[in-house]
Amino acid sequence: MAATGHADTEVGHTNVGHRELIEAVHRALTTHGRAVLTGPAGAGKTEVARAVAAAAEARGETVLRLAPEAADQWIPEASAAALLASVPRTALERLAGPQRTAIALLRREADAPGAGRDHVALRLAVVEVLRTLSAPGPVLLVLDNAQWLDAESTDLLRFVLRLTPPRVRVLVAECVQGGAPVAEPLCGPGTPAVRVPALGADEVAELLLRHGLPARLAGRIHQASGGNPRLALALGHSLAEACGCPGGGAHHADTLPVSGQAREVARRLLAEAPARARRTLLLAALAARPTTALLRRAGRPDAEAELAEAERAALVTVGEDGAVAFTAGALPTALAADAGWPERAAGHAALAAAVDDPVQAVRHRALAVDAPDAGLAAEITDAAAACRRRGQRALAAELGLLAAERTPASLPREELARLVAAAEDAGWAGRADLARRATRAVLTRDASPAQRVRARLAVIDAAGQALADLDETIACALADAAGDPSLRAAVQLRIAWKHNIGDGDPVRSRDAAAEAGTLAKAGGDQVAEAMALTVRARMGRILGDPDAEDILAEALALPAPEVPLGMRNAPQYLAVRHALFDDRLTDARRQLLVLLPAVQRTGSAEDVFEVLRSLTEVELRRGRCGPGAAHARRALELTIEAGLSPGPAWYVAATAEAAGGSFARATGYARRGIQASEEEHDQVFLSRSLYALGTVELATGEAAKAVATLSRVAALEEAQQVVDPSVLRWHGELAEALVAADDPGRAQELLDRVTLVARSLGRTTVVAALDRARALCRSAQGEPEPAVMLLARTAQRFEALGLPLEQGRTLLALARVERRRRRRAPARAALDAAAEVFGRAGAKPWQDLARQTPGESGAAPYPGAAALTEAEARLALLVGGGASNQEAAAKLFLSVKTVEARLTRIYQKLDVRSRAQLATALRAR
């Protein structure tokens, strides 16, 4: 029981993603005087209520907070006593005699409940107390956990709240699961109800970060928790405890442990369903694809009614086709874990007879017994092969492990073969937990060196981008592969990938690939040889090697691989990436649409993701933001579902949002991508996510931040020895940011250096983007006429190249330069043309920028700034608004000396001598 006379001003860390919700509650309270917060247990109602209470107290309101606990519902008038115990004594002293006596009796702990109490006087006393408290100002009564009010207190509050003055506002938070609702009887019919929604994956990531948990697990935890903050945190802490470290050393694809605190939270959620419904829910938990029809066939004739009860308790959703989905992935896991073996076995036996998929029938039959059975093991192995043909590699891995468990000890060779196959299937699917489990089993048996190598390679393949901690696994695989050039070639290929992704070292990656190619050729493995040549070509492109295309052509001439190494590492896919780098977008798209169904058939989640990533980038470059966003969504959904490294998917989502969605959402995705890539030591996608963030910062006028972010990209690219500017086109962005931050000198140096490289490599579209930045640089250096001519030519070049977003951005830059020349008509024409280009492309955030009036654009914040650079304009606004030099420096991420020097130039340009004159000049202009 908790009741306080003032709000708890420290809002809990679970109050994430609820800003709009808090505003909705405030509006309801302002308009109606009453509001109801609803949602399942753990949804964050308490944190929202605390935030509302803290805001009310900050406004000087009196806040009463009542939060009964579960045990209080059985104690008559317990909540009423707790509420009155929090009321200041001065408010009680003004009561009439009978009323004061009634309250004294209620507050007397030794008194037997209800003994000799005047209930009418008590009710009138509470009404009078609230009237007294509201006399000097508004009162907010926050009633949390309303479902645990005792019956007597509920009756008392129902009476009291009907008679309270309008200055007493009431917020009631109750759990929607189980029991009769009390909020409406307390507040009256028509009271606005605000439901606390589930957190999104981004909000779960923020929640994890606040608690020192790895953001890379956000997708998995979001899926397992259903966005329930309490369950999400419990899962995160359970995972950290299982790893033995506060931040969690778990792999992104590990099975989430529904144990300890997480299991308790899941149990409390499940307890809201009646016992008969829980038996049906267990069957649904054991089934791969539960439906109401399947559950009826499996012996639950009242499945619809029982699932309806579970749906009211927010445990499942039932689709129109009868498909049953749990609202949180941890719930079926907890149900299965809490059921005894006999109950689970009976459930699997019932499902085995009810399912219509022979693979699932075999799986359920295997799970219904726990004794070795050679015939059953063979059937499971056949089922795994069927899954492999379907592209269901994760299920194939699970079945392979199950087949090995059911294999009798008298058949050790069959057991080993099944374990190795399970490991390789897990590697294909990106299921690191299954790969490690199968590999541990292989290493404890009398396996051959080749079997040990294959199993260890599967662990490496399942790791995705998280290759930094696999040195021991690689060393052991090399030792086992000694004497076999083909096996050594396979290990060297993984070493080459690790040098690129984990170490950010393309030179070592290229050298390891060269060694792999030599070994593959010696072993007669042409597929591995093609893969090695592909790595060499990829690294050669990065390093600016003019022979890279010839090496790729050599790889393409070898047999096309469809092997466990994956299409993403095949020359056919690299040829697509090179087409994308060169802006041969039609060719790239055509080839990708051929590859997509092929990789979907193989069951490699990483291959499918890679193709979707490239399709996203191709469509965005072509100015088709709608299809690009659709591919990005599929890539993100696949990443969460398959448990892949989230850094690349968040980068893809950031680029799609920055082009056609929302700059704010793009920033969120980019920051998540940065965090995840840093956690996994993925240097490649760390650069990309930083690039996405810096681009958005530049677009939204945060030039100083953009310079800092894009300078990190430059440092990473330099450390990775990246030479070719077409791979990640940050150079023009950084130059534009430097110009906006009033440093055209550095911008000029960067442009001169990169343009020389781009021209020598024939990267014509890169040169065009550099020309846009060069024009802005020339404008800032006092050469507006050449700048306008260069921008006009560049916009025409981008139009001819079929790159509408680049064309639109160039028109925006042209408008900026024309406006600085005070040529409003040409500036307006350029803005209109940019808006039209962006509109056709579906580039909403850029279209919004182009539609701003000249006085609103981030390029020139106000008309009087026409003579100033963008950086000077921002500083002038701050100083003219009263900011000190120190405050302006902190706001703009500058040194105080830089602010002082820039202010001197501003004064000279505007012909003013003081801050007061500056403010007057800005107003006048």
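The basis for the numbers below is simple: all heavy atoms, side chains too, and nothing from hydrogens, waters or symmetry mates.
- Sorted by first and then second residue, the salt bridge (charged side-chain N to carboxylate O under 4.0 Å, His left out) pairs with a member in residues 647-657 read Glu657-Arg665; sequence neighbours excluded.
- For the residue pair Arg729/Thr765, the side-chain donor-acceptor check at 3.5 Å is satisfied.
- Considering only residues two or more places apart in sequence or on other chains, Arg763 meets the side chain to side chain donor-acceptor pair (under 3.5 Å) condition with Asp724.
- A salt bridge links Arg821 with Glu818: the distance from a Lys NZ or Arg NE/NH1/NH2 to an Asp or Glu carboxylate oxygen falls below 4.0 Å.
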side-chain contact (heavy atoms from CB on, under 4.5 Å) evaluation trace for Ile674 with Glu678: CA-CA 6 Å; Ile674 292 166; Glu678 287 176 334; 3.8 Å; yes
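- Applying the salt bridge (charged side-chain N to carboxylate O under 4.0 Å, His left out) definition to pairs two or more places apart or across chains, those involving residues 748-761 are Asp752-Arg774.
- The closest side-chain donor-acceptor pair between Thr794 and Asp771, if any, does not fall under 3.5 angstrom.
- Applying the side chain to side chain donor-acceptor pair (under 3.5 Å) criterion to Ser711, with sequence neighbours excluded, gives no partner residue.
- Qualifying side chain to side chain donor-acceptor pair (under 3.5 Å) partners for Ser689, counting only residues two or more places apart in sequence or in other chains: none.
- By the 4.0 Å N-to-carboxylate-O rule, Arg840 lies close enough to Glu836 to be salt-bridged with it.
- Checking Arg538, Glu610, Arg568, Gln591 one by one against Tyr573, the side chain to side chain donor-acceptor pair (under 3.5 Å) holds for a single residue, Glu610.
- With no hydrogens or angles considered, no side-chain donor-acceptor pair links Ser677 and Tyr651 at under 3.5 Å.
- For Glu549, the side chain to side chain donor-acceptor pair (under 3.5 Å) partners two or more places apart in sequence, or in a different chain, are Arg541, His578.
- Using a cutoff of 4.0 Å between basic side-chain nitrogens and carboxylate oxygens, Glu617 and Arg613 are scored as salt-bridged.
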